[in-house]
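Structure first, commentary second.
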Amino acid sequence: MSQVQEQQQKSICSVVLVGCGFPLRSMGWYHAMQILDERIPGAILQHVVEPWYMQDGASKGCPGYNEFHEWRKSLLKEQDVAFYSNVTDVPKKEENDGNGNTVKRLCIISARTADNPKLFADCLTIGCDAIFLEKPGAPTVAELEQMQTDAKSQNIPVYMGFNKNVSSYLVQSREFAVSQQQPCRITFWHNNNYNESELPECFERNAEGMLKNMAIHELALLVTYYGVKVDTIDRVIADKEFSECQTFQGPSSGKKFTDFNKLKFEIITKDGISVNVAADRCGGDDSVAIVTANDDNTELARYTMPDKATIDNIPLLQSKYGNEAMPYFFAQDPDYCKLKQLVVNHLLHGFALDGVATINVAAETLKVAEYLTPLLQEQLL
């Protein structure tokens, strides 16, 4: 038996999921299902905190309430998973599980962005070895930097749910661009599959805005791989023909929300690096990296997420989890698995975290998003 196999028998990664949300629609639920189905070797889901649907009567009658509690009851019968309404109700971390296995605890926070700072602070009180925080992490840079400071004071690493940082389409597009004998630029294009009639609810639910939510993945790529920071940006040019910025009234709150429903722009750094980002809430289910020649903008190659192997596997995932699930779960399924597996393997065995973004990257990315939003709105409104 190898040393790694022996270590696997002696170490387990106990997961506390904070923010399950609406089954079939919320990312927290899909994180849970990938772990429960043993698709993340070494990880065991033991605790679920659902701050909204587990409140006494507060969310009863809201969309997803019945679906969540049906799912919860089924797990209570079939799995050894405990449910809580508050993070502070989760038992303190034990160093071993009573069977001779060393326990590493990973808190996965996949809640509403506005709730993350409080939930994050509570996770630090129950004992954990690492935190996996879904993008963008917090509503503001100041809040995210405070979270960063608090975690650092306890020596708790924080990894971000920027799954595109480890996706094959990113690697392929960058390798192709480097291999060319001419200067190239890449456009990172992100599509969602909302109908136009769904945009008011989308704007309300993602009130932090497109650049802090949907397109935050692309901004993280720019920060990680292209050296983009607020103080390295020279120019930002919006594509006015493509982009649209609209205002809708939220169906639940009645408040008005102004945001981009589609957006395309070019960033040129002070070092002369040019890279493009595009996002369309009603554009489909995929993400694309398009490599073009600098001189005449001729398209040289494009790489798609999901790739063919992922697309071929979607019918199997649909039959397993249901056709009603959000399509992007399946389109990005292997990358969600890969990212969590990298974090779990690092916790259990010290393996490398190739491409995994830390909270430091998230803070820089959020700064870029806050900088770009008013700049682009000014160009488009």
Side-chain angles (χ1 to χ4, degrees), residues 113 135-148 160-165 167 169-171 173-174 177-178 180 182-191 206 208-245 258-281 287-295 297 355-381:
T113 302
K135 52 83 180 175
T140 66
V141 170
E143 289 170 298
L144 193 61
E145 288 183 331
Q146 184 61 55
M147 294 157 67
Q148 182 180 16
M160 302 301 299
F162 290 127
N163 59 293
K164 289 183 179 178
N165 268 39
S167 177
Y169 91 121
L170 167 74
V171 175
S173 61
R174 283 174 50 78
V178 169
Q180 297 305 293
Q182 59 180 315
C184 302
R185 69 165 59 92
I186 299 179
T187 298
F188 293 107
W189 196 301
H190 184 170
N191 291 314
N206 302 296
E208 61 268 23
M210 175 184 274
L211 288 174
K212 286 188 178 182
N213 188 284
M214 177 183 175
I216 198 76
H217 285 282
E218 284 65 37
L219 295 184
L221 296 179
L222 271 55
V223 170
T224 304
Y225 296 102
Y226 295 89
V228 172
K229 297 182 180 180
V230 170
D231 59 4
T232 67
I233 295 174
D234 181 42
R235 282 176 290 157
V236 180
I237 306 167
D239 185 332
K240 296 181 179 180
E241 291 186 9
F242 177 84
S243 306
E244 289 183 3
C245 188
T258 299
D259 195 9
F260 308 103
N261 59 297
K262 59 180 183 176
L263 177 65
K264 186 179 180 184
F265 59 92
E266 178 183 11
I267 288 181
I268 303 172
T269 71
K270 293 174 183 177
D271 291 333
I273 296 172
S274 173
V275 62
N276 297 317
V277 170
D280 187 348
R281 293 195 185 276
S287 293
V288 185
I290 305 169
V291 185
T292 54
N294 272 7
D295 54 0
N297 209 37
V356 178
T358 65
I359 195 170
N360 300 350
V361 171
E364 292 296 338
T365 302
L366 201 55
K367 289 177 186 178
V368 172
E370 289 191 353
Y371 172 77
L372 291 177
T373 297
L375 197 66
L376 291 167
Q377 286 180 341
E378 184 179 351
Q379 292 186 36
L380 294 172
L381 290 176

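Just so you know, these numbers use all the heavy atoms, side chains as well, and skip hydrogens, waters and symmetry mates. Please read these numbers as outputs of a predicted model, since none were measured by experiment.
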Check: Quick one: do R235 and E266 make a salt bridge, cutoff under 4.0 Å?
Finding: no

Notebook entry, point to check: Can you name the closest pair of heavy atoms from G355 and N165 and give their distance?
Noted result: O-CB, 3.1 Å

Next item on the list: With the side chain counted from C-beta on, respond yes when I186 and N276 share a heavy-atom pair under 4.5 Å apart, and no when they do not.
Entry: no

Margin query: For a quick test of reading the model, state the closest non-hydrogen atom pair linking G161 to H217 and the distance between them.
Written below: O-CE1, 3.3 Å

Checklist line | Basic-acidic side-chain contact under 4.0 Å: E244, R281 | finding: no

Checklist line | Closest non-hydrogen atom pair between E145 and A363, with its separation | finding: CG-CB, 4.5 Å

Next item on the list: Return yes if some donor-acceptor pair links the side-chain N/O of Y226 with the main-chain N/O of T269 below 3.5 Å, else return no.
Entry: no

Note to self: Within the structure provided, determine whether L170 and Y225 are in side-chain contact (heavy-atom separation under 4.5 Å).
What the structure shows: yes

Note to self: Could you measure the distance from the SG atom of C184 to the CD1 atom of I290? Nearest 0.5 Å is fine.
What the structure shows: 13.5 Å

Checklist line | Donor + acceptor pair across side chains of N294, Q182 (<3.5 Å) | finding: no

Notebook entry, point to check: For E241, does its backbone N or O pair with a side-chain atom of D239 as donor and acceptor, under 3.5 Å?
Noted result: yes

Next item on the list: Could I get the full list of side chain to side chain donor-acceptor pair (under 3.5 Å) partners for Q377, not counting sequence neighbours?
Entry: none

Check: Are the side chains of N360 and Q148 in touch, meaning some heavy atoms are under 4.5 Å apart?
Finding: yes

Notebook entry, point to check: When you measure from the side chain of T232 to the backbone N and O of K229, does any donor-acceptor pair fall under 3.5 Å?
Noted result: yes

Next item on the list: Work out which heavy atom in L211 is nearest to a heavy atom in F260; give both atom names and the distance.
Entry: CD1-CE1, 4.3 Å

Next item on the list: Under the side-chain contact (heavy atoms from CB on, under 4.5 Å) rule, what do V223 and V368 come out as? Steps first, then yes or no, please.
Entry: CA-CA 9 Å; V223 170; V368 172; 4.2 Å; yes

Margin query: If I take atom CG from residue D234 and atom CG from residue D271, how far apart are they, to the nearest 0.5 angstrom?
Written below: 10.0 Å

Margin query: With no hydrogens and no angle check, just 3.5 Å: does a side-chain donor-acceptor pair link K164 and S287?
Written below: yes

Checklist line | By side-chain contact (heavy atoms from CB on, under 4.5 Å) - contacts of A138 (at least two apart) | finding: P117, E143, L144, M147

Notebook entry, point to check: Quick one: are the ring centres of F265 and W189 less than 6.0 Å apart?
Noted result: no

Item checked: Close side-chain approach of V277 to I267, heavy-atom, < 4.5 Å -> no

Note to self: For a side-chain contact (heavy atoms from CB on, under 4.5 Å) check, start with the C-alpha distance between N206 and M214, then their side-chain angles and the critical distance, and finish with the verdict.
What the structure shows: CA-CA 9 Å; N206 302 296; M214 177 183 175; over 6 Å; no

Check: Out of curiosity, C245 SG to K262 NZ, how far, rounded to the nearest 0.5 Å?
Finding: 13.0 Å

Check: Does any non-hydrogen side-chain atom of K135 lie less than 4.5 Å from one of K212?
Finding: no

Note to self: Side chains of R185 and T292: any donor to acceptor distance under 3.5 Å?
What the structure shows: no

Next item on the list: Go through V228 and I233 one step at a time and tell me if the side-chain contact (heavy atoms from CB on, under 4.5 Å) criterion holds.
Entry: CA-CA 7 Å; V228 172; I233 295 174; 4.0 Å; yes

Checklist line | Atom of N213, atom of E208 and distance for their closest heavy-atom approach | finding: ND2-OE2, 2.7 Å

Margin query: Quick check: do F242 and L263 have side-chain heavy atoms less than 4.5 Å from each other?
Written below: no

Note to self: Could you report the tightest heavy-atom contact between K264 and A278, atom names first, then the distance?
What the structure shows: CG-CB, 3.8 Å

Checklist line | Between CD on residue E218 and CZ on residue F162, distance to nearest 0.5 Å | finding: 10.0 Å

Notebook entry, point to check: Is it true that E364 and K367 make a salt bridge, defined as a side-chain N closer than 4.0 Å to a carboxylate O?
Noted result: yes

